[in-house]
Amino acid sequence: LAKTTQPISMDSYEGQEVNITCSHNNIATNDYITWYQQFPSQGPRFIIQGYKTKVTNEVASLFIPADRKSSTLSLPRVSLSDTAVYYCLVGDFGGATNKLIFGTGTLLAVQP
Amino acid sequence: GAVVSQHPSRVICKSGTSVKIECRSLDFQATTMFWYRQFPKQSLMLMATSNEGSKATYEQGVEKDKFLINHASLTLSTLTVTSAHPEDSSFYICSASDRGQGRDGQFFGPGTRLTVL
């Protein structure tokens, strides 16, 4: 399973766009990149998943360069309720083992 | 999306007692479920992989005799913390894979807060 590296914390203000970058130099060919959000005392919640280029859904965008050694989660116009820990995970989610290894995550603090 | 529940949401027990935590996939079948433990201000740590109808696979350093896992059906996995001690106090989270959802199909329960006095 590829190891991921993210900033420990980030600060932002309401209404700003936030970009969180994750490094995964040892990503394998079959690996997908998935981002989860976790609020205190809750289980992680799926945000977005991608393999290459760009993926966009109703809450976020995920940018993946051609070499796939990093990815960037983009949250448009954050609000106070986006304050949470964001985890980047890399793995073959449809594979035989399908297990996830969580890194440190990034604590995003949104201020008014 | 797929829903995973856990019961109880929180439990307080005396040292030496055993505590059972249930993880259910409510609207899908999960051949594989995972159990995590999370200490305050730390990341989730994978404890074991629970496979329906077979023995669980434990991560290195996790005592299989202390953390008993039973995955008796495609919708239920249980984690029993045996002879719990204060150092076992933690937030326990399960997840389940829904292969029908494709590659993004791993969904997490709301977690169980265990406090051992």
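So you know, we letter chains A, B, ... as the sequences are listed, proteins then strands, and number each from 1.
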Completion exercise
Contact list (residues 110-117 of chain B to chain A, heavy-atom gap under 4.5 Å, by number) returns B:P110, B:R113
Exercise for the section: Under 4.5 Å heavy-atom distance to chain B, tell me which part of A:Y87 shows up: side chain, backbone, both or neither. Expected result: side chain
Handout entry: Atom group of B:L44 that falls short of 4.5 Å from chain A, counting heavy atoms
Key = both
Problem - Toward chain A, the part of B:Q42 with a non-hydrogen atom under 4.5 Å - result: backbone
Practice task
Indicate, with yes or no, if the rings of B:Y36 and A:Y36 have centres closer together than 6.0 Å.
Solution key: no
Practice task
Say whether B:F91 and B:V81 are linked into one hydrophobic cluster, either directly or through other cluster members, by side-chain heavy-atom distances under 4.5 angstrom.
Solution key: no
Exercise for the section: Verify salt bridge (charged side-chain N to carboxylate O under 4.0 Å, His left out) between A:D31 and A:R68, making sure each step is shown before the conclusion. Expected result: CA-CA 10 Å; A:D31 287 345; A:R68 303 202 324 123; 5.9 Å; no
Handout entry: Donor-acceptor under 3.5 Å (B:T80 side chain, B:T82 main chain)
Key = no
Practice task
Would you give the length of the straight line joining atom CE of B:M33 to atom CG of B:L76, rounded to the nearest 0.5 angstrom?
Solution key: 7.0 Å
Exercise for the section: Would you please say whether a donor-acceptor pair under 3.5 Å links the side chains of A:T21 and A:T72? Expected result: yes
Problem - Polar side chain donor-acceptor pair, A:S81 to A:S79, under 3.5 angstrom - result: yes
